[in-house]
Amino acid sequence: QNDIKIRIIVSGETGVGKSCLLHQLCHREFKIPPFTLGVDQKFHNVTFQDRKIKLQIIDTAGNHRFKDIIKGYYKGIAAALIVYDVTQRAGEITDEELERNM
């Protein structure tokens with residue numbers, strides 16, 4: 001059986017913990033990495049039902065000045081994870097915020 005490769009993009013505002021979550025997933029330790037400039041990629045292998053799955057996780061910068069760079073990484077994405085700080089909002093994410101982060 002061939003390995004499965006899945007591309008996932010992580011998006012959200014600056015400082016909400018996107019890189020920290022990815023570091024925890026890939027290295028099994030809590031660490032606050034430096035801010036992402038543009039885009040960073042991490043790879044993580046998992047096994048599900050005896051199939052090897054290679055996750056390519058694309059960590060995007062929350063700063064909107066990198067938006068043009070980030071747009072090209074959405075091609076071929078199987079899933080998007082939107083991260084936000086629950087302590088900074090009382091309600092739900094608006095359509096405008098969602099569109100701005102995608």
Quick one: NE2 on His23 to CD on Glu29, what's the gap to the nearest 0.5 Å? 3.5 Å
Atom of Asp85, atom of Val16 and distance for their closest heavy-atom approach: N-CG1, 3.8 Å
For Gln41 versus Tyr73, what's the shortest heavy-atom pair and its separation? NE2-CE2, 3.9 Å
May I ask you to say whether Asp40 pairs ionically with Lys42, meaning some side-chain N is under 4.0 Å from a carboxylate O? yes
What are the two closest non-hydrogen atoms of Ser11 and Tyr74, and how far apart are they? OG-OH, 3.8 Å
Which pair of heavy atoms, one from Gln56 and one from Phe43, lies closest together, and at what distance? CG-CE2, 3.5 Å
Output the distance between atom CD1 (Ile53) and atom OG1 (Thr47), rounded to the nearest 0.5 Å. 7.5 Å
Check step by step if side-chain contact (heavy atoms from CB on, under 4.5 Å) holds for Asn45 and Leu55. CA-CA 6 Å; Asn45 296 312; Leu55 301 176; over 6 Å; no
Go through the steps to decide whether Lys18 and Val10 satisfy the test side-chain contact (heavy atoms from CB on, under 4.5 Å), and finish with yes or no. CA-CA 7 Å; Lys18 299 178 297 295; Val10 182; 3.8 Å; yes
Leu25 with Phe30, same ILVMFWY side-chain cluster at under 4.5 Å: no
Show your reasoning for whether side-chain contact (heavy atoms from CB on, under 4.5 Å) applies to Leu21 and Val83. CA-CA 9 Å; Leu21 283 172; Val83 181; 4.0 Å; yes
Val39 vs Ile58, test: side-chain contact (heavy atoms from CB on, under 4.5 Å). Steps then yes/no. CA-CA 7 Å; Val39 175; Ile58 301 162; 3.4 Å; yes
Calculate, to the nearest 0.5 Å, the distance between atoms NZ and CD1 belonging to Lys54 and Ile6 respectively. 12.5 Å
To check you understand the geometry: which heavy-atom pair defines the closest contact between Thr36 and Thr60, and what is its length? CG2-C, 4.4 Å
I need the minimum non-hydrogen distance between Arg7 and Lys75, along with the two atoms involved. NH2-O, 3.1 Å
Supply the atom-to-atom distance Asp59 CG to Leu22 CG, rounded to the nearest 0.5 angstrom. 5.0 Å
Drop me the distance from Ile57's CD1 to Cys26's SG, to the nearest 0.5 angstrom. 5.0 Å
